[in-house]
Amino acid sequence: MNKKLIYLDNSASSRLDERVLETMKPYYFDTYAVATSEFAYTLGILSREGLDEAREKIATKLGGSAEELVFTSGSTESSNLAIKGVVKAKQKEGNHLIVSKIDDFPVLNSAKFLEREGLKVTFLDVDKDGLIDLEQLKEAINKDTILVSIQHANQEIGTVQDIKAISEISKDKKILFHSDATHSFMRLPINVSKIPVDLVTISSHTIHGPRGIGALYIKKDTPIKKHIDGGFQENNMRAGVENIPGAVGFAKAVELVTEEENDYIKNMRDKLIEKILKEVPATDLNGHRSKRTPQNANITFHYVEGESITLHLDMNGIAVSTGSACFSRSLEASHVILGIGGDHEQAHGSVRFTFGRFNDMKEVDTVVKVISDVVKRLREISPLYKKEKE
Amino acid sequence: MSIDTNKIKKVDCLDETCPVPLVETRKAIRKASPGDIIEVTGNHESSKIEIPMAVEALGLELLSIEEKNGNWIIRIKIPEEK
């Protein structure tokens with residue numbers, strides 16, 4: 001219980017960086033007023049300046065302008081706003097949406113909600129590595145298509161889509177393109193001035209920033225309607241008192257990510273994959289070998305269940321996640337692993353390891369050692385393994 | 001050895017399959033007070049092996065594994081100072 005925790009679930013949420021917290025503190029204790037215009041008291045103006053500065057910094061990193069960035073409560077809200085907002089604004093022009101089968105739940109469930117409301121939705125297949133087929137995308141587009149929403153990087157297997165090609169196809173057909181970049185923002189280059197993407201979802205919680213803050217990049221003049229009514233905050237796109245400490249922390253988190261850090265994370269990830277595949281029998285890497293986010297490794301340990309591995313690693317002081325959702329007692333398999341053609345056994349045996357700033361190489365050795373032992377022992381009691389050996 | 005019955009925390013996992021007994025055991029360990037004894041009852045064979053593995057990993061004391069009429073009872077001691 002007292003072991004030092006090895007945290008490898010940074011894509012679910014990451015530890016806040018102390019430097020981020022220090023940047024946020026003044027906006028809780030000193031400059032705590034609501035953001036106001038120049039016609040109000042000074043404290044509110046200072047809050048406004050803090051918010052504007054944060055917006056500018058993040059928008060610049062994306063290659064856009066401050067006016068094109070709307071702060072939200074996180075990537076779930078951003079993707080909901082992008083999809084529902086565009087569909088609402090363009091419902092008289094068409095009623096068809098295209099998403100991928102392995103997109104994250106904010107996109108998939110927004111699409112499914114709209115489908116129940118009468119929208120036609122195409123769920124694109126992906127190949128064994130998780131990549132969509134660009135020809136299939138072109139074929140799926142029809143005269144009623146109003147939006148294509150394909151994630152930049154996958155949340156579970158880390159596969160990175162060719163969003164430049166996807167955005168060019170969409171632009172060529174005069175269709176809006178949204179990409180959920182929650183798991184790639186700051187870990188991989190993305191520049192909206194070089195790629196004709198119209199909407200991009202980003203979040204703070206995966207890059208050692210605070211939770212409860214994200215943003216949606218909305219290219220200038222993109223038709224979109226807000227879906228939270230109230231005041232006129234966020235350029236009248238998202239009502240509610242702004243989360244200024246969150247926005248300031250998000251900007252600081254963005255500032256702290258460097259290319260060197262991404263290389264450092266990638267090296268740990270590569271070593272983990274190499275060692276596990278070499279040292280633990282009957283294992284497979286899920287997702288594309290090279291077109292993947294630097295922080296992600298997703299491995300199937302055949303003949304054992306991901307939840308059992310997760311529980312035993314936890315009791316050895318290691319936090320990872322699994323594509324299996326047996327905890328809910330529903331035994332639902334990961335839609336991503338099933339989407340890439342995996343069967344239920346592969347889905348239930350998959351484990352996701354995601355690295356962050358606070359991991360180190362020694363942890364990789366420890367994880368490989370512990371997981372080798374845990375998997376070996378779990379296989380000894382696995383009916384699937386016994387059957388395979390017979 | 002006399003056991004203070006107030007210190008025994010029972011976890012019923014009969015007819016539950018893997019990994020539920022382990023999840024419930026972990027929950028009981030997390031909520032236990034120093035000196036408590038966690039008594040898990042179940043009948044899923046794999047859990048009978050998995051729970052002691054977890055007890056070992058957590059550095060806790062496995063007091064006993066008792067088998068009776070196809071069921072098993074695992075007793076785990078929580079140290080006086082957690």
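A, B, ... follow the sequence lines: proteins, then strands. Residue 1 opens every chain. The basis for the numbers below is simple: all heavy atoms, side chains too, and nothing from hydrogens, waters or symmetry mates.
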>> For a side-chain contact (heavy atoms from CB on, under 4.5 Å) check, start with the C-alpha distance between A:Met315 and B:Val55, then their side-chain angles and the critical distance, and finish with the verdict.
In response: CA-CA 8 Å; A:Met315 284 176 281; B:Val55 171; over 6 Å; no

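- The minimum heavy-atom distance between B:Met53 and A:Val374, with the atom names listed, is CE-O, 4.4 Å.
- Environment of NZ in A:Lys266: sparse, with no more than 12 heavy atoms of neighbouring residues, nucleotides or ligands closer than 6.0 Å.
- Once rounded to the nearest 0.5 Å, the distance linking CD of A:Glu305 with OG of B:Ser46 reads 9.5 Å.
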> Going through the distances and angles, do B:Leu22 and A:His312 end up as a side-chain contact (heavy atoms from CB on, under 4.5 Å)?
Replying inline: CA-CA 9 Å; B:Leu22 182 57; A:His312 284 281; 3.4 Å; yes

>> Quick one, A:Asp314 with B:Arg26, criterion side-chain contact (heavy atoms from CB on, under 4.5 Å). Give me CA distance, side-chain angles, the key distance, then yes/no.
In response: CA-CA 10 Å; A:Asp314 176 56; B:Arg26 185 174 65 161; 2.5 Å; yes

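- The 12-atom threshold is exceeded at CZ of A:Arg377, counting heavy atoms of other residues, nucleotides or ligands nearer than 6.0 Å.
- Atom CD1 in A:Ile381 sits 7.5 Å away from atom OG in B:Ser47 (nearest 0.5 Å).
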